[in-house]
Amino acid sequence: MIGIVDHRMGNLLSVFNAFEYMGADVELCADPRDLDDADKIVLPGVGAFPDCMKNLKELGFQEVLNRLVLEEKRPVLGICLGMQVMAEWGEEFGEHEGLGWIPGRVVRIKPEDPGLKVPHVGWNNIRYSPDSPLLKGLPQSPDFYFVHSFHMECTDPGHVDAWCDYGGKVTAAVRRGNIFATQFHPEKSQDFGLKIIENFLSWH
Amino acid sequence: MLSKRVIVCLDVRDGKTTKGIKFKGNVDIGDPVDMARIYYEAGCDELVFYDITASHEKRGIMIDVVRRVAETIFIPFSVGGGISSVEDMRDVLLAGAEKISVNSAAVKNPKIITEGAEAFGNQCVVLGMDVKKVEKSEKIPSGYEIVINGGRTYMGIDALWWAQEGERLGAGEICLNSIDADGTKEGYELELTALISENVNIPVIASGGGGIPQHLADVLKEGKADAALIASMVHYGTYTIPEIKEHLKSQGVPVRDQLQ
């Protein structure tokens, strides 16, 4: 079973629909204990960093996720804000501690070209490392759908799996062992996004 | 690089597309979900469903359309028309839409923008604006005024002020419809679009007037729009999405590449 963390951070239906469309046995997990049965975990999220961390703590997800992801090494896919909270720190609405799975900070995007707007909304092409299990089988520079104002700056560049150019380098995907995450929305990125979901489902 | 978006708008009444839409080959398709699928596969970047269902009792049909679209179409789509409360927004978003758009309801009750943004996030709330060109005055310094009821009622609100106010209240995007250009097929209102786009920090979708692919190139370059809305130029089979995108590419407009 694929367990989607339902931490009350936005609408999870499109994530659910995309996984179901790819043939996965997928469940929304509103109770952290439901995640125990999940072979793989999806951590989505739309909204603000501090709200998301607060919900993860108060609903009891943080402890369970730390055990399943860090100790038991279950594969996890973070999406958008779900990726950002995997960092050590976030700067949205002040300094806030994240899950700390990926060394780095989540900072506001500052495009060098003042004509570029923040939030970064729309389809942006990315570049990715050729050995990325999540992005294998995709063309060289595929487009994905982004909606965000912050992005992750990784301490170890080896954790950056994909990046895009938006008036400077913006982190588009990260990976550390069993931990995968995308800043963009695979569930809204047509065939390329579905391919990423397929890659995550088949990874072991 | 961020692509410029080509967005297809479908008018829906009682769960059916309103006009006998003819694709090349003269196939009539009345089901908005089937039509959405055709545009999706052709590479459109986003979809807008505009619900013009008159009776309140039949609005549930639209929710069903949204649910069916969300199950098989994996690009962002928004729903507008008849949304006047946070509850209306919730119904549509929980059925799987990415965004909702509010137009006259926001003019009458601006708080709805903030309430929607706080409940669902700024990225969910698109502010639709219907605009007409008027004489510049103290009240309307930009020379563009907000109208409702399809352009019949002037609201005494300056369009530039309203766009900035909408952003401040929490809108995540603006869909800017020129009533003067709408239906003319003679091109988008470039001056208006550039004015708004240069003075807000959220994406602006240009609407009204698109007739040929060059019109999209004009509004995405000169008009500085982030996206262009199209309807009849593809609904009647005059152009296909790949033809439009091919032209945009030839004009140096970055567009999302075709599928795998």
Side-chain angles (χ1 to χ4, degrees), chain A residues 9-22 45-48 51-52 80-81 109 111 113-127 137-149 164-167 170 185-197, chain B residues 1-7 40-47 66-77 89-90 92-100 117-124 126 167 171-174 197-198 200-205 224 226-227 254-260:
Chain A
M9 289 303 291
N11 188 3
L12 308 178
L13 185 63
S14 50
V15 175
F16 180 91
N17 281 342
F19 273 83
E20 188 160 70
Y21 186 81
M22 294 313 288
V46 161
D51 297 336
C52 187
C80 197
L81 182 60
I109 315 166
D113 175 355
L116 293 177
K117 295 172 179 179
V118 178
H120 173 220
V121 180
W123 297 86
N124 211 123
N125 60 346
I126 65 159
R127 311 289 293 186
L138 289 169
Q140 218 173 29
S141 185
D143 286 279
F144 289 96
Y145 190 75
F146 288 82
V147 184
H148 64 128
S149 300
C164 69
D165 176 31
Y166 189 64
V170 169
H185 290 269
E187 79 281 11
K188 287 285 169 188
S189 296
Q190 204 156 357
D191 292 8
F192 297 157
L194 296 174
K195 178 71 182 165
I196 282 187
I197 290 172
Chain B
M1 191 173 215
L2 186 70
S3 297
K4 299 285 188 178
R5 286 172 281 161
V6 175
I7 304 179
Y40 173 68
E41 283 167 0
C44 96
D45 300 311
E46 196 166 321
L47 289 155
V66 172
R67 198 168 287 126
R68 285 163 57 218
V69 170
E71 279 168 7
T72 55
I73 290 183
F74 300 104
I75 54 172
F77 68 95
M89 294 180 180
R90 191 186 310 274
V92 170
L93 293 172
L94 286 184
E98 181 79 5
K99 314 170 188 181
I100 48 86
E118 279 174 359
F120 314 112
N122 306 60
Q123 80 292 338
C124 286
V126 181
E167 178 180 8
E173 274 181 289
I174 286 174
S197 196
E198 282 173 342
V200 295
N201 204 35
I202 49 179
V204 172
I205 302 160
K224 301 193 166 56
D226 299 276
V255 289
R256 178 169 72 113
D257 266 334
Q258 288 305 310
L259 315 176
Q260 220 162 359

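These values consider heavy atoms only, across backbone and side chains, with no hydrogens, waters or symmetry-generated copies.
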### Pairwise distance CD(B/Q123) to OG(A/S149) - rounded to 0.5 angstrom
9.5 Å

### Query
Hey, does A/N17 have a side-chain heavy atom less than 4.5 Å from the side chain of B/F74?
yes

### Task
Decide yes or no for B/R5 and A/Y145: does some side-chain heavy atom of the first lie under 4.5 Å from some side-chain heavy atom of the second?
yes

### Summary
Most heavy-atom pairs under 4.5 Å with chain A, out of B/A97, B/G121, B/G96, belong to B/G96

### Query
Atom CG of B/L93 and atom OG of A/S14: how far apart are they, to the nearest 0.5 Å?
10.0 Å

### Query
Which one of B/P76, B/P203, B/G172, B/S197 has the most heavy-atom pairs closer than 4.5 Å to chain A?
B/P76

### Message
Heavy-atom cut-off 4.5 Å, strictly under: side chain, backbone, both or neither for B/E173 against chain A?
### Response
side chain

### Query
Where does A/V121 contact chain B at under 4.5 Å (heavy atoms): side chain, backbone, both or neither?
both

#### Entry: side-chain contact (heavy atoms from CB on, under 4.5 Å) partners for A/E20, two or more places apart
A/F16, A/V26

#### Entry: Which portion of B/A95 sits near chain A, non-hydrogen atoms under 4.5 angstrom
backbone

### Message
Need one label for B/A119: side chain, backbone, both or neither, based on atoms under 4.5 Å from any heavy atom in chain A.
### Response
neither

### Task
Examine whether an atom of B/N122 lies under 4.5 Å from a heavy atom of chain A, and if so say whether it belongs to the side chain, the backbone or both; otherwise answer neither.
neither

### Exercise: identify the closest heavy-atom pair between A/V118 and B/N201
O-ND2, 3.1 Å

### Task
Just do the side-chain contact (heavy atoms from CB on, under 4.5 Å) check on A/K117 and B/I202 with the steps written out, would you?
CA-CA 6 Å; A/K117 295 172 179 179; B/I202 49 179; 5.8 Å; no

### Task
Would you check if B/R256 and A/F144 make a side-chain contact, meaning some heavy-atom pair closer than 4.5 Å?
no

### Part of B/V204 within contact of chain A (heavy atom distance under 4.5 Å)
both

### Task
Applying ring pair (Phe, Tyr, Trp, His ring centres under 6.0 Å), name anything that partners A/F146, two or more places apart in sequence or on another chain.
A/H120, A/H148, A/F184

### Task
Count the heavy-atom pairs under 4.5 Å between each of A/V170, A/D143, A/L12, A/L116 and chain B, then report the option with the highest count.
A/D143

### Task
Any chance you could measure B/I75, atom CD1, to A/E187, atom CD, to the nearest 0.5 Å?
13.0 Å

## Note on the structure
CH2 (A/W123) and CG (B/D257) are apart, to the nearest 0.5 Å, by 12.0 Å

